Amino acid sequence: MASLKSATKPKKPVVKGGGKEGQRPGRLADHLLARAPSEDVAVYDPADLARAAELAENAVSRHKKGESIVAIETASGVSRQGRPVTVITVVNDNMPFLFDSILGEITEAAGEPTLVTHPVIAVRHSKAGVAEIVGDGGLAKEDAGLDKVSVVHVHIGRLSEEAAAALGARLTKTLAQVRAAVVDWKPMLARLDQAISEFRYAPVPLDKKHVAEAIAFLEWLRDDNFTFLGMREFKYSGGEKSGSLERADKPGLGILSDPDVLVLRRGTEAVTTTPEIRAFLHGPEPLIVTKANAKSVVHRRIYLDYIGIKTYDKNGKLAGELRIVGLFTSTAYTRSVMKIPYLRSKAETVIAKSGFNPDDHSGKALINVLESYPRDELFQVPIPTLRKHAEAILGLIERPRVRALVRADQFDRFVSILVFVPRDRYDSVVREKMGAYLKTVFDGRLSAYYPAFPEGGLARVHFIIGRSGGKTPKVEQETIEAAIRDIVRTWEDALAEAAEAGGHDAALKAIAARFPESYRDSFSSAVALVDAERIARISAESPIDIDYYRDAGQKPEQASLKIYHHGSPVALSRRVPLLENTGFRVISERTFEIDKEDGNRVLHPRHGAGERVRPADRSRRRGRAVRGCVPGSVARRRRQ
């Protein structure tokens, strides 16, 4: 058993059924499993469920107000369909974000749970812990002497003691961040109101229109459109080219009260003051919206949204920055871009600079591009880049093609790439290849990808390539797009291009198009056209053709051979002795069967992707060493 509290067996709390008439009294077990899916409960024996309820009750009994209990029982005595399970019970004062945060940590560490329950119960605390379990958590509203307690009870596969201890430590840290975010929620709103007032009334030396939009945006965040998780203040000292940004003496709020939570960093090192940070602080914009390096462990397991707000002293001099981290709520992703402050000003600027009338066809099309632009990216992208990318996407409506739109984070922490490819060419294999290419060319790692399928014939994938240090490599858009075209290009595409470049007629292209997948995995389309030309020459009257050649990668003593035969294949027992008698040793062989329509006849040429051979030993060949080449292949393939 692994537990973050004492493992001594406590006195069990009294379990009552208080409240109104008709309310179910019962045991903790009744509340524990009351809302559990019946299909999940049905696979347990009653004795195992009783044991699980006993473990949960033991954890609840140790809970004290203001504390958390994390009990991880590796030797739980509970089995599911004969397989032992680890039982996790987390008991906490009821508060927002608990369930999602706890389950996110467990799932990330141990995979999919087999049973999850989350009752909220009303209890009466004593100094030693829970003295009495009264009933459903709703009773606490009617009795001021009762407390609402959240019980998250999860079953997972059997963990080792080491893994259980590590999970317990992470859960404890997660609960601490949840508590910090909830406790500091009102102080964070108060600090935000202070920032709004300073923008509104202090002598801020910025464009009034930009400041007004910043105020509207901050008020919009405050109005339940942003989940505030942390705040931290920084002070700025020095000039525009050599100034530095350092943490203020004021303690952080929420999760940023922990100094180890870093908002901006490269690798494991905090980003303090860079030319890019100075450029923002001395630039015309009142605030910046981007992504933090850290993923949220509170509520949702995604990268935190980071909002940096400039602060000024009473004389209008730059004083520092207020950093806010949290998560945009669903309205930030579902509401029209034209109705969200900060985003609407970006959209209006792009539309105005485009010269389109918003009521015309092109203007409406551009608005649609902005509405469907990845919303997280829209918050972060500078207006000049947004305009360039939006116009490029608009051009894809009239002429669909491969397109890659790149934006490097101004702090060199990641690269954002919007990739458009033909929808009928997109699948998970193509996506993996594109991700592997992009992380290589930008010297980073694939942090995230978000596929989307907007209207039209193109699929869009938003790749995020994380970086650990140094300047972001500059790669030409044409280079990236050429590489992606190669990734999505099919064998048929390459065949058509090779046929056009070589001036081959449609008949040869038709023969090559019928080559089986096993052949295509081994030979290029250009080689296929050469083979098709030889196949076209053979018939029942002239049933065989042979090609000796050497591949570029072969050694001087190696060569290859292809045999094209009409009808049944030339038996291996005939081919190999002939080659060995001329001084060669067969290394490998592959055979492909191809149907070629010729008028009313169907020919069945056998494409032997030959025998790769080496000269035989001189003593075995009576001093005759044959220098020559014959083509090689690997394994016999089934007819397709």
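As the structure is a computational prediction, the values presented were derived from the model and not from experiment.
- In plain terms, the two heavy atoms of Tyr306 and Ala292 that are nearest each other are CB-N, 3.9 Å.
- With hydrogens and angles left out, the side-chain atoms of Arg375 and Thr334 include no donor and acceptor closer than 3.5 Å.
- Between Ala498 and Ser525, the shortest heavy-atom distance links the atoms CB-OG, 3.9 Å.
- In this structure a side-chain-to-backbone donor-acceptor pair under 3.5 Å is missing from Asp360 to Gly363.
- To the nearest 0.5 Å, atom CD of residue Glu377 and atom CG of residue Leu405 are 9.5 Å apart.
- A donor-acceptor contact shorter than 3.5 Å is absent between the side chain of Ser345 and the backbone of Pro341.
- Heavy atoms only, all atoms of each residue included: Pro473 and Val441 are closest at CB-O, 3.9 Å.
- With rounding to the nearest 0.5 Å, the separation of CD in Glu432 from CD1 in Ile487 is 11.5 Å.
- The CG atom of Leu394 sits 14.0 Å away from atom NE2 of His389, with the distance rounded to the nearest 0.5 Å.
- At least one donor-acceptor pair under 3.5 Å links the side chain of Asn581 to the backbone N or O of Pro577.
- Checking each of Phe226, Trp220, Phe217 against Tyr342 for a ring-ring contact (aromatic ring centres under 6.0 Å, His included) leaves exactly one that passes, namely Phe217.
- Note on Arg520 versus Glu492: salt bridge recorded, some NZ/NE/NH1/NH2 to OD/OE distance being below 4.0 Å.
- Between Arg300 and Asp100, no side-chain nitrogen of the basic residue sits less than 4.0 Å from a carboxylate oxygen of the acidic one, so the salt-bridge criterion is not met.
- The side-chain heavy atoms of Glu476 and Ile480, taken from C-beta on, include no pair separated by under 4.5 Å.
- Judged purely by distance below 3.5 Å, without hydrogens or angles, the side chains of Ser522 and Arg590 pair a donor atom with an acceptor atom.
- The side-chain heavy atoms of Met338 and Glu348, taken from C-beta on, include a pair separated by under 4.5 Å.
- Side chain of Arg387 to main chain of Lys353: a donor-acceptor pair is present (N/O by atom type, distance under 3.5 Å, no hydrogens or angles).
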Stepwise side-chain contact (heavy atoms from CB on, under 4.5 Å) test for Glu105 and Arg301: CA-CA 9 Å; Glu105 188 64 64; Arg301 293 270 160 158; 2.8 Å; yes
Show your working on side-chain contact (heavy atoms from CB on, under 4.5 Å) between Arg423 and Leu458 and close with a plain yes or no. CA-CA 5 Å; Arg423 183 179 296 202; Leu458 296 176; 5.9 Å; no
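- Atom CD1 of residue Ile594 and atom CG of residue Asp531 lie 7.5 Å apart, to the nearest 0.5 angstrom.
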Ser296 vs Leu327, side-chain contact (heavy atoms from CB on, under 4.5 Å): CA-CA, chis, key distance, verdict: CA-CA 8 Å; Ser296 173; Leu327 302 170; 4.1 Å; yes
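- In this structure, the separation between CG on Leu438 and CZ on Arg445 is 14.5 Å, given to the nearest 0.5 Å.
- With Lys346 contributing its side chain and Leu378 its backbone, the two residues share a donor-acceptor pair below 3.5 Å.
- Using a 4.5 Å cut-off on side-chain heavy atoms (C-beta onward), Ile417 and Met434 make no contact.
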Could you please spell out the steps behind the side-chain contact (heavy atoms from CB on, under 4.5 Å) verdict for Leu370 and Ile351? CA-CA 9 Å; Leu370 295 171; Ile351 294 169; 4.1 Å; yes
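- Counting only heavy atoms from C-beta outward, the side chains of Pro113 and Thr107 approach each other to under 4.5 Å.
- In this structure the side chain of Val419 never reaches within 4.5 angstrom of the side chain of Tyr426, judged on heavy atoms.
- Between Leu366 and Ser354, the shortest heavy-atom distance links the atoms CD2-OG, 3.5 Å.
- Between Val430 and Asp427, some side-chain heavy-atom pair lies under the 4.5 Å cut-off.
- Under the 6.0 Å distance and 45° angle rule, Lys562 does not count as a cation-pi partner of Phe592.
- Defined by atom type and a distance below 3.5 Å, a donor-acceptor pair is present between the side-chain atoms of Asp493 and Thr490.
- Summarising the local packing, CD of Glu112 is surrounded by 12 or fewer heavy atoms from other residues, nucleotides or ligands at distances under 6.0 Å.
- Glu593 and Thr591 are not linked by any side-chain donor-acceptor pair at a separation below 3.5 angstrom, with hydrogens and angles left out of the test.
- Proximity of the aromatic rings of Phe328 and Phe379 is defined here by a centroid distance below 6.0 angstrom, and this criterion is met.
- In terms of heavy-atom proximity, Pro382 sits nearest to Arg407 at CD-CD, 3.8 Å.
- Under 4.0 Å is where a charged nitrogen must lie from a carboxylate oxygen, and between Glu580 and Arg585 no such pair does.
- Between the side chain of Arg534 and the main chain of Asp547, no donor-acceptor pair closer than 3.5 Å is present.
- Side-chain atoms of Ser372 come within 3.5 Å of backbone atoms of Val369 as a donor-acceptor pair (strictly under, hydrogens ignored).
- Cation-pi geometry between Arg431 and Tyr449 is met: under 6.0 angstrom from the ring centre, within 45 degrees of the axis.
- Interatomic distance, CZ of Phe442 versus CZ of Phe414, reported as 13.0 Å (0.5 Å rounding).
- Ionic pairing of Arg170 and Glu108 is not present here: no N-O contact between side-chain nitrogen and carboxylate oxygen is shorter than 4.0 angstrom.
- Judged by distance alone, with hydrogens and angles left aside, the side-chain atoms of Glu533 form no donor-acceptor pair with the main-chain N or O of Leu508 at under 3.5 Å.
- Using modelled atom types, one side-chain atom of Arg467 and one backbone atom of Gly470 make a donor-acceptor pair closer than 3.5 Å.
- No hydrogens or angles considered: a donor-acceptor pair under 3.5 Å links the side chains of His462 and Ser416.
- Using modelled atom types, one finds no donor on one side chain facing an acceptor on the other under 3.5 Å when comparing Asp376 with Tyr450.
- In this structure, Lys291 is not positioned above the aromatic face of Tyr303 in the sense of NZ or CZ being under 6.0 Å from the six-membered ring centre and within 45° of the axis.
- Residues Ile484 and Val421 are in side-chain contact: their nearest non-hydrogen atoms beyond the backbone lie under 4.5 Å apart.
- In this structure, Ser101 contributes its side chain and His299 its backbone to a donor-acceptor pair below 3.5 Å.
- Put simply, the side chain of Ser336 does not reach to within 4.5 Å of the side chain of Arg344, judged on heavy atoms.
- Closest non-hydrogen pair, Ala294 versus Leu262, comes out as CB-O, 3.9 Å.
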